[in-house]
Amino acid sequence: MTLALLLVVLVTGCDYAQTPFVRSAGEIGSTLAASALTIEYAHTGKMPEQYASASLLIYREKLASSAPSLGSLGGAPGQPSLDRLMALLEQARTAVAHPCLGSDCDWQAQVATIRQASGAFVQASQ
Amino acid sequence: MKRALQITLGIMTAIGGFIDAGAIATSAGAGAVFGLGLVWAMILATLEVMLLVEMSGRLAAVSGKTYAASVRERFGFKFFLLPLSAELIADSMLLAADLGGMAIAIALVGGWNWHYIVPLCALFIFAIVWRAPFSVAENGPSLLGLVTLSFVVAIFVLGGPSIDVTRTLWRPAVQKHELADYLFLVAAILGAVISPYLLFFYSSGAREDRWSRRSLGMNKVTAIFGMGFGSVTAIALMVVAAIVLQPHNIQGITLSEVGLTLTHAFGKTGAYLYALALFTTCLGAALEIVLSIGYDISQGFGWEWSEEKRPVDAPRFNLVMMLFLFVGLAIALTGMDPLQLALFGSAFTALILPISLSPLLVLMNDREYLRDDVNSRVQNLAFVGVLSIAFIVAVVSLPLLILSGG
C-alpha cells in the first residue's frame with residue numbers, strides 16, 4: 001500500500017508536492033509566528049531575555065535566507081499580491097531584527113506587526 | 001543498581017542514535033505539520049531498531065567481535081569499504097548538525113550568536129574523546145539525557161492532545177499537495193532512527209563493556225528499554241509539537257522553534273530544560289558518531305582500538321577520531337542550518353541503509369560467529385521485513401527529498 005502510494009507520488013510528481021513559493025511562504029509564516037510568540041513570552045515572564053534574544057537571532061537568519069528569492073520562485077502570485085507580501089515582510093523583518101525585549105518600547109505593536117505578516121504568509125501558503 | 005547502570009549503553013545509544021538533531025527536527029516537524037499522523041512511522045522505526053540493536057549486541061557478545069570487524073572478516077576488505085565510505089559521508093553531515101545543535105543550546109542560555117560557539121563544542125567533544133574513559137562517554141549523556149523526559153511530562157502539563165489532534169493518530173490529515181512532504185518525513189524518520197552508526201557503536205560498546213554470552217539477557221533488556229526510551233521521547237516531542245506549534249502555524253523548522261514547546265508548558269524553567277535536552281542529545285550523538293567512525297576504521301584496518309586505552313596505546317584510533325571531528329567542524333563552520341544538514345544526513349543514511357544492514361543478516365545466520373545463538377526463523381523473517389522497508393526507503397528518499405524541497 002505504502003509502496004503503491006510512493007510510486008504514485010514519484011510518477012505524478014509535482015501534483016502531490018508544494019510549489020517552491022508555497023513552501024517558502026509557509027516557512028516564512030512559521031518563522032514569523034515563532035518570532036512573535038518569542039517576544040510575547042519574553043514579556044509575559046515565560047522566557048528569559050537572553051534566550052529570546054538568541055532565538056530571534058536565529059529567526060532573523062532564517063528570514064534573511066528565505067526571503068530574497070521569493071518573487072522568482074515557481075508558483076509565485078501576481079505582482080500586486082507579491083508587493084503586498086513583501087511590504088508586510090519588510091516591516092516584520094525590521095521588528096525581528098530590532099526586537100523590543102526591554103520595558104522602554106512598544107512590544108505589543110511589534111508583535112501585532114509580525115503576526116499580521118505571518119498570517120498573510122500562512123494564507124499565501126494554503 | 002549495577003544492572004540499571006548497564007542499561008546505560010542502550011540509553012546512550014538511543015540518546016545518540018535515536019534522539020539527535022535530526023530526530024528532533026523530524027519529530028517536531030512531523031507533529032507540527034501532521035499532528036500525530038506520523039506516530040506509526042516512529043513506532044515502526046522503533047521496532048526495527050530494537051531488532052537490529054539486539055542482533056548487533058548478540059553478535060558482539062557471542063562472537064567477541066564487533067559488527068565492523070565481522071563485516072571486514074566475513075566479506076573482505078573491498079566490500080567493507082563500501083558501507084564505510086557511505087558512513088563517512090552521512091556521518092560527517094550528521095556530526096556537523098549535532099555540533100550546530102550543541103552550539104544553539106549554549107547560545108540560547110547565554111543570548112549569543114551560535115556560530116561563534118561551534119568550535120568550543122568541537123573542543124569539548126575532543127576533550128571527552130581524548131581523555132575520558134568509555135564509561136564517562138557512555139554514562140554522562142545517558143544520565144543527563146533523562147532530561148528529555150520533560151517532553152513526556154509536558155504532555156500532561158498541557159492537558160494532552162485535543163480530540164481533533166488525537167484523531168490524526170489513525171486518520172492523518174494530509175492534503176493532496178502535502179503528500180510528498182508526508183512521505184519524505186516517513187523516509188526521514190526511518191533514516192534518522194535506523195542509523196547504521198548506531199549498530200557499529202552499540203556492538204563496539206558491548207566489547208568495551210566486555211559483554212560475553214552471559215550478557216545476552218542484558219542485551220535484550222538494553223535494546224528494548226534503551227530504544228524504547230528514545231522512542232517515547234521522540235513520540236512525546238511529536239505530541240507536544242502538535243499541541244503547541246500546530247495551532248500557531250509554527251512548523252518547527254528551526255531548533256529554537258522546537259524549544260517553544262517546553263517554554264509553553266513550563267515557562268522559564270522549560271526554556272532551560274529545552275536547552276539542556278538539546279545540548280545533551282546532540283552531545284550524545286556527536287560522541288557516538290565520532291567514536292563510531294574511530295571504531296569502524298580501526299576495526300576494519302585491524303588497528304588497536306578502545307576508548308579505555310590511552311591515546312598513546314591506540315594512536316591511529318584517536319587520530320582518526322580527531323581528523324573526523326575536524327571534518328565535521330569544517331562543515332559546521334560553513335554556517336549551514338543544522339536542521340538542513342541533519343535532513344540531508346538522514347536522507348543519505350536512508351539511501352545507504354540496505355548496504356549497511358544486509359551483511360548483518362548473513363552474519364546472524366553464521367554458526368562460526370553465533371554458534372547456537374543464530375537467528376530464529378521469526379527473527380530472520382522480521383529482518384527480511386526490515387530490509388524490504390530499507391530498500392523502499394533507499395529508492396524513494398532522494399526523489400522525495402527533491403520533490404519536498406529538501
Side-chain angles (χ1 to χ4, degrees), chain A residues 2-3 5-20 22-24 26-38 40-42 44-62 65-66 73-75 101 115 118-119 121-123 125-126, chain B residues 32-33 41 104-115 174-184 186-187 244-245 248-260 263-268 270-272 274-275 335 337 340 388-389 392-393 395-396 399-400 402-406:
Chain A
T2 309
L3 181 59
L5 205 58
L6 284 169
L7 285 174
V8 167
V9 171
L10 292 178
V11 171
T12 54
C14 297
D15 285 352
Y16 294 93
Q18 294 176 328
T19 64
V22 164
R23 175 173 314 286
S24 278
E27 287 182 3
I28 291 171
S30 163
T31 307
L32 290 173
S35 306
L37 201 59
T38 299
E40 186 186 316
Y41 281 177
T44 51
K46 277 193 160 187
M47 188 185 279
E49 193 178 323
Q50 296 100 312
Y51 188 102
S53 172
S55 298
L56 288 159
L57 267 177
I58 294 170
Y59 300 143
R60 193 172 71 186
E61 261 179 34
K62 188 75 189 168
S65 68
S66 42
L73 295 176
L101 296 176
R115 287 220 164 109
S118 170
F121 274 91
V122 168
Q123 199 173 17
S125 72
Q126 285 166 350
Chain B
V33 179
I104 286 175
I106 296 173
L108 286 173
V109 174
W112 302 302
N113 186 327
W114 68 273
H115 296 286
V174 186
Q175 293 176 29
K176 187 181 169 189
H177 66 275
E178 292 176 328
L179 197 54
D181 285 343
Y182 182 79
L183 294 174
F184 174 69
V186 173
V244 178
L245 302 184
H248 288 97
N249 290 309
I250 298 172
Q251 298 176 356
I253 47 175
T254 60
L255 286 171
S256 43
E257 284 174 49
V258 181
L260 290 167
T263 313
H264 188 82
F266 304 113
K268 282 183 179 170
Y272 292 123
Y274 176 69
D337 179 13
Q340 203 65 42
S388 309
I389 294 169
I392 296 170
V393 168
V395 170
V396 301
L400 282 176
I402 294 163
L403 272 177
S404 62

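Letters A, B, ... mirror the listed sequences (proteins, then strands); counts begin at 1. Keep in mind that the numbers below use all heavy atoms, side chains included, and drop hydrogens, waters and symmetry copies.
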Show, in sequence, the C-alpha distance, side-chain angles and deciding distance for B/Val33 and B/Tyr182, and conclude whether the side chain to side chain contact (heavy atoms under 4.5 Å, CB included) test is met.
CA-CA 9 Å; B/Val33 179; B/Tyr182 182 79; over 6 Å; no
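- Contact of B/His264 with chain A is made through backbone and side chain together, with heavy-atom distances under 4.5 Å.
- For B/Ile104, the part sitting under 4.5 Å from any heavy atom of chain A is the side chain, from C-beta outward, and nothing else.
- Atom CG of B/Leu255 sits about 8.5 Å away from atom CG of B/Leu108, to the nearest 0.5 Å.
- Of the listed residues (A/Leu57, A/Val22, A/Leu37, A/Thr19), the greatest number of heavy-atom pairs within a distance under 4.5 Å of chain B belongs to A/Leu37.
- In terms of heavy-atom pairs under 4.5 Å with chain B, the best-connected choice from A/Ala36, A/Ser65, A/Ala34 is A/Ala34.
- Taking OG of A/Ser118 as the start and NE2 of B/His248 as the end, the distance is 10.0 Å to the nearest 0.5 Å.
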Yes or no on side chain to side chain contact (heavy atoms under 4.5 Å, CB included) for A/Leu56 and A/Ser35, after CA distance, side-chain angles and deciding distance?
CA-CA 6 Å; A/Leu56 288 159; A/Ser35 306; 3.9 Å; yes
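- In this structure, chain B has no heavy atom under 4.5 Å from any part of A/Pro20.
- Contact annotation for A/Glu61: only side-chain heavy atoms (C-beta onward) come within less than 4.5 Å of a heavy atom of chain B.
- Here A/Glu40 contributes atom CD and A/Lys46 contributes atom NZ; the two are 8.0 Å apart, rounded to the nearest 0.5 Å.
- The candidate from A/Lys62, A/Glu27, A/Arg115 with the greatest count of non-hydrogen atom pairs under 4.5 Å with chain B is A/Glu27.
- Residues B/Thr254 and B/Glu257 bring a donor and an acceptor atom of their side chains to less than 3.5 Å of each other.
- For A/Thr44, no part lies near chain B; criterion is any non-hydrogen pair under 4.5 Å.
- In this structure, CG in A/Leu32 is found 7.0 Å from CZ in A/Phe121, a value given to the nearest 0.5 Å.
- Heavy-atom pairs under 4.5 Å with chain B peak, among A/Pro48, A/Ala33, A/Gly29, at A/Pro48.
- Of the residues considered (B/Asn113, B/Val174, B/Thr263, B/Val109), B/Thr263 shows the highest number of contacts with chain A, using heavy-atom pairs under 4.5 Å.
- At most 12 heavy atoms of other shown residues, nucleotides or ligands fall within 6.0 angstrom of atom CD in A/Gln123.
- Both the backbone and the side chain of A/Tyr51 come within less than 4.5 Å of a heavy atom in chain B.
- Of the listed residues A/Ala52, A/Ser53, A/Gly45, the one with more heavy-atom pairs under 4.5 angstrom with chain B than any other is A/Gly45.
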